[in-house]
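Worksheet: the structure to be examined is printed underneath.
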Amino acid sequence: MNSPIPLSLASHPPADERELLRRADALAGYTLWELSAQAGLPIPANLKRDKGWIGVLLERYLGARAGSKPEQDFAAIGVELKTIPVDSGGRPLETTFVCVAPLTGNSGVTWETSHVRYKLARVLWIPVEGLRTIPLARRRIGAPLLWSPNAEEELQLRRDWEELMDLIVLGKVERITARHGEVLQLRPKAANGRALTAAVGEFGQQILTLPRGFYLKKNFTAQLLARHFLL
DNA sequence: GATTGATCATGG
DNA sequence: CCATGATCAATC
């Protein structure tokens, strides 16, 4: 079941989408054991303390620049990379982190210039077997999908983003739960419960609260992956 | 079993 | 602290 294309690490970013997709296609079918061996990256016993390990591993093969900049992974060609854990039916096992939510300085922000829209404008989705019943080393990489939101998806995202940002601006961030939003949700995104950041309180005063992140709900990612399989 | 809220590692 | 990469695990 392995791809006939030999594994090779990327030494530079892809020049265009076609090259990126060619690299991603070449990984489909391989196990994490095979990829980690070729990359010289030891496999952790589990992901408990290495939650981003698969993402970092795939970045090496695709030529993404590792770093902590609020940029797309392949900024030169405007593409974001997302690995997504899936079950045996290709359905997402987890929500997908998009970006940190700005909790202050939001007067006049719009969907058009939002970080969420920028990050999701073009995404290379790479499904990876994620069931914990499968040992990490034996999990396989799936077929990649280069995606942009269609009109309906962008409208869904926009509606949720505007609802959530309204609440943030109105000082109601601490009243927001993960149940808000149809396809986009706001949840804590922090190292731990003691990491606090500034936000706007109910009376317009500054408060300290947990940093939040925007996440794609599983119903949304499930649909976009399903579209891929059915077409 | 699915979901929400909490958490882990690393680098600047 | 904030950004990157996400998954864990208590609770519903």
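- Between the side chain of Arg117(A) and the backbone N or O of Glu112(A) there is at least one donor-acceptor pair closer than 3.5 Å.
- In the set dC2(C), dT4(C), dA9(B), dA9(B) carries the atom at the smallest distance from any side-chain atom of Arg49(A).
- Note on the helix from dG1(B)-dC12(C) to dG12(B)-dC1(C): angle between the axes of the first and last five pairs equals 30°, rounded to 10 degrees.
- Using a 4.0 Å heavy-atom criterion, one finds that Thr197(A) contacts the sugar-phosphate atoms exclusively.
- Between the side chain of Asn106(A) and the backbone N or O of Val169(A) there is no donor-acceptor pair closer than 3.5 Å.
- Along DNA chain B, the nucleotide nearest Asp50(A) and the nucleotide nearest Ala178(A) are compared for position; the residue whose nucleotide lies closer to the 5' end is Ala178(A).
- In the region residues 103-111 of chain A, proximity to DNA chain C at under 4.0 angstrom, judged on heavy atoms, holds for none of the residues.
- Of the two residues near DNA chain B, Ala190(A) and Gln185(A), the one whose nearest nucleotide lies more 5' is Gln185(A).
- Here the side chain of Leu47(A) is nearest to one of dT7(B), dT4(B), dC8(C), namely dC8(C).
- In this structure, CG of Leu57(A) is placed 16 Å from C1' of dT4(C), rounded to the nearest angstrom.
- Between the Asp25(A) side chain and the Ala28(A) main chain, no donor and acceptor come within less than 3.5 Å of each other.
- Considering only side-chain atoms of Asn192(A), the nucleotide from dC8(B), dA6(C), dT7(C) that sits closest is dC8(B).
- A donor-acceptor contact shorter than 3.5 Å is absent between the side chain of Gln185(A) and the backbone of Tyr215(A).
- A distance-only check finds no donor-acceptor pair linking the side chain of Glu34(A) to the backbone of Tyr30(A) [under 3.5 Å].
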With the criterion being N/O to N/O and under 3.5 Å, what pairs connect the protein with nucleotides 9-12 of chain C, and how long is each?
from	atom 1	to	atom 2	distance (Å)
dA9(C)	OP1	Lys48(A)	NZ	2.7

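- Panel note: side chain Gln223(A), backbone Phe220(A); no donor-acceptor pair is recorded below 3.5 Å.
- Within 4.0 Å (heavy atoms only), Gly52(A) reaches at least one base atom of the nucleic acid.
- Counting non-hydrogen atoms under 4.0 angstrom, Leu210(A) reaches the backbone sugars and phosphates but no base.
- Without hydrogens or angle criteria, Asp73(A) side chain to Val123(A) main chain gives no donor-acceptor distance under 3.5 Å.
- Leu196(A) comes within 4.0 angstrom of sugar-phosphate atoms only, judged by non-hydrogen atoms across all strands, and of no base.
- Between the side chains of Ser148(A) and Arg122(A), at least one donor N or O sits under 3.5 Å from an acceptor N or O.
- Using a 4.0 Å heavy-atom criterion, one finds that Glu80(A) contacts the sugar-phosphate atoms exclusively.
- Look at Glu19(A) and Arg23(A) and you find a salt bridge, because one of the NZ, NE, NH1 or NH2 atoms lies within 4.0 Å of a carboxylate O, short of that distance.
- Within the 3.5 Å criterion, the main-chain N or O of Leu120(A) finds no donor-acceptor partner in the side chain of Lys82(A).
- Note on Lys189(A): a base of the nucleic acid sits closer than 4.0 angstrom, heavy atoms only.
- Counting distance only, with no hydrogens placed and no angle test, the side-chain atoms of Lys51(A) and the base atoms of dT7(B) include a donor-acceptor pair under 3.5 Å.
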